Amino acid sequence: MKKYAWIYAILAVIILAGFILFSVTRNSGSELEPNYIAMNEIAKLAELHWGEFEPLGAVPVSYRYIIIDNDGIVLFSSDSGLPDGMPAAIRRGFVPVDVVQASNIVGKALIEVYPGGSAQAAHERLARAAIAMFSLMAALNLVFLAALHNALVKPFKRMQSFAHKITTGRLDEPLPMDRNNLFGLFTQSFDVMRESLLEERQSRMQAERAKKELIASLNHDVKTPVTSIRLISELLQTGAADRATIEKLKTIEMKADQIDRLMNDMMHSALEELGELKVAVASEDSAVLREVFDGADHLSKVRMGDIPSCLLDMDRARMEQVVGNIIANSFKYAGTDIDVEFALRGELLHVNVNDFGGGVDPEELELITTKFYRGENAKVSAKEGEGLGLYIAKLLMDKMGGGLEAFNREDGFTVRLMVRLSR
């Protein structure tokens, strides 16, 4: 604590200044105290020589004085230049003392206790001393407060600003430190925390970058052979004469499509975790939805209703992915025809995709759009899948400003897409 000795020195000086002020005040006050014994002696002399005042001139006393009777007439003056009456004497600081004879007050002795205006001078000295001492104490207090501000307040303000920078992600700016400051080690700990957070963020960014690169690489590595399998299957179907062979080739083609869709879902799920799943919303004519559903209906089981003529806010490529996932799920789990109905509801176009299968257990309805969730019917039927289709579909609909909900009907199951109208 030696480096903070200046704080104790300032406190000691303030205490010393207070002590000096007390001493000066006490001494100045003692100068103003009259000598009551001497005053009583003068009053006694006036009493003894009342009516014969000439002998009083030969008696040595401590103060100059005048003697007046009850009518205010000056009967004796110990010196020249003294007041000629009580009012003037009182104004000059003379102290009146009663002169008593036979228990009767016969006059007064006006005694110059503070000669030459010494009372006023003493008061002025006392005032000047008090002002000087208070000024010194005020200056020392200002110095002390300034020192405390530099030693305590400024470091706290720097740490407050530093904490705000941390919360906003500005980790590149170090916290200024003064090792001789009271909070030197404390601020050093904060800066160590900043460096740790910065290193952790950089490591996380590197891990995310590596994850994206791995996803892109795996997607490419899997899609390339899958595309080759699909193309070879299509080529072999054109030259195959045996119907059984053609059916097997179609199965191979269908499985290739399934792998392709699964890879797309897994890639988009991973990109969503990384915040890289982008949606480019544009104004599209509602007639585009017919093309979107036709492109997803490779089994020719979709029956389309009338589409209201309007403009929609959507990303066509993402909408194809949404519809493709929903239709594929219906083919996989319901295996029935699909009716698609359209209706305008306020600022949304409701698109109901209705199948006529067994539906979903009511307890599972809120879970089917959860990531990696697969219902009991999927597990019992041993259908292939990762539980990402409806999750990706809902995520994309939300990003396009719409929504997705699913519910059972008496005769089947419905997935409702809510597409926002263009404004």
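On a predicted model such as this, the values are computed, not experimentally measured, just so you know. What's counted below: heavy atoms across the whole structure, side chains too, no hydrogens, waters or symmetry copies.
Salt-bridge formation is not detected for the pair Arg316/Glu284: no Lys NZ or Arg NE/NH1/NH2 atom is positioned less than 4.0 Å from an Asp or Glu carboxylate oxygen.
Under the 3.5 Å distance criterion, the side-chain polar atoms of Asn408 are left unmatched by any main-chain donor or acceptor of Phe413. Asn40 places a side-chain N or O within 3.5 Å of a backbone atom of Tyr36 that can act as its donor or acceptor partner.
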Margin query: One pair to check against side-chain contact (heavy atoms from CB on, under 4.5 Å): Glu41 and Val61. What are the steps and the verdict?
Written below: CA-CA 8 Å; Glu41 288 178 354; Val61 292; 5.8 Å; no
Item checked: side-chain contact (heavy atoms from CB on, under 4.5 Å) between Val351 and Arg416, worked out -> CA-CA 6 Å; Val351 182; Arg416 174 177 292 162; over 6 Å; no
Margin query: Go through it in stages, so that I can follow the logic: the residues are Ile327 and Ile338, the test is side-chain contact (heavy atoms from CB on, under 4.5 Å), and I'd like the CA-CA distance, side-chain angles, deciding distance and then a yes or no.
Written below: CA-CA 8 Å; Ile327 297 298; Ile338 300 171; 3.9 Å; yes
Next item on the list: List the steps and the verdict of side-chain contact (heavy atoms from CB on, under 4.5 Å) for Val323 and Leu417.
Entry: CA-CA 9 Å; Val323 171; Leu417 304 179; 4.2 Å; yes
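When side chains are defined from C-beta on, Val360 counts as touching Ile368, because their heavy atoms get closer than 4.5 Å. Annotation: side chain of Phe331 is in contact with side chain of Asp297 (closest heavy-atom distance under 4.5 Å). Under the 4.5 Å side-chain criterion, counting only non-hydrogen atoms from C-beta, Phe342 is in contact with Leu289. Here the side chains of Met397 and Val419 are in contact, with some heavy-atom distance below 4.5 Å. Residues Val99 and Ile105 fail the side-chain proximity criterion, which asks for heavy atoms closer than 4.5 Å. For the pair Val74 and Ile67, the minimum side-chain heavy-atom distance is 4.5 Å or more.
For Asp355 against Ser330, the heavy-atom pair with the smallest separation is CB-OG, 3.3 Å. Here the closest non-hydrogen pair linking Leu404 and Met418 is N-CE, 3.7 Å. Contact detail for Ala406 and Leu365: the closest heavy-atom pair is O-CD2, 4.0 Å.
Applying the salt bridge (Lys or Arg N to Asp or Glu O under 4.0 Å) test to residues at least two apart or on different chains, the pairs with a partner in residues 78-90 are Arg64-Asp79.
With sequence neighbours left out, the salt bridge (Lys or Arg N to Asp or Glu O under 4.0 Å) criterion links Glu347 to Arg420. Considering only residues two or more places apart in sequence or on other chains, Arg243 meets the salt bridge (Lys or Arg N to Asp or Glu O under 4.0 Å) condition with Glu247. Partners of Lys301 by salt bridge (Lys or Arg N to Asp or Glu O under 4.0 Å), not counting sequence neighbours: none found. When the side-chain contact (heavy atoms from CB on, under 4.5 Å) test is applied to Glu341, the partners found at least two apart in sequence or on another chain are Asn352, Asn354. For Asp398, the salt bridge (Lys or Arg N to Asp or Glu O under 4.0 Å) partners are Lys394, not counting sequence neighbours. Under the rule for a side-chain hydrogen bond (donor to acceptor under 3.5 Å, both in side chains), the partners of Asp411 that lie at least two apart in sequence or sit in another chain are Arg409. Take Tyr65 and apply the ring-ring contact (aromatic ring centres under 6.0 Å, His included) test, not counting sequence neighbours, and it matches Phe76. In this structure Asp98 satisfies the side-chain hydrogen bond (donor to acceptor under 3.5 Å, both in side chains) test together with Lys108, sequence neighbours excluded. When the side-chain contact (heavy atoms from CB on, under 4.5 Å) test is applied to Ala89, the partners found at least two apart in sequence or on another chain are Ile66, Pro83, Phe94, Leu110. Applying the side-chain contact (heavy atoms from CB on, under 4.5 Å) criterion to Ala38, with sequence neighbours excluded, gives Asn35, Ser62, Tyr63.
To the nearest 0.5 Å, atom NE2 of residue His350 and atom OG1 of residue Thr414 are 12.5 Å apart. The CZ atom of Arg345 lies 10.5 Å from the CG atom of Leu348; values are rounded to the nearest 0.5 Å. Here Ile252 contributes atom CD1 and Ser233 contributes atom OG; the two are 5.5 Å apart, rounded to the nearest 0.5 Å. The distance from the OG1 atom of Thr369 to the CD1 atom of Ile392 is 11.5 Å, given to the nearest 0.5 Å. Separation of atoms CE (Met400) and CG (Leu395) is listed at 9.5 Å; rounding is to 0.5 Å. Going from atom CE of Met314 over to atom CG of Leu421 covers 11.5 Å, rounded to the nearest 0.5 Å.
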Taking distance alone, no hydrogens or angles, what donor-acceptor pairs closer than 3.5 Å link side-chain atoms of residues 302-312 to residues at least two apart or in another chain?
residue: Arg303; atom: NE; partner: Asp339; partner atom: OD1; Å: 2.6
residue: Arg303; atom: NH2; partner: Asp339; partner atom: OD1; Å: 2.9
residue: Arg303; atom: NH2; partner: Asp339; partner atom: OD2; Å: 3.3

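Residues Asp313 and Ser422 have side chains that bring a donor and an acceptor to within less than 3.5 angstrom of each other.
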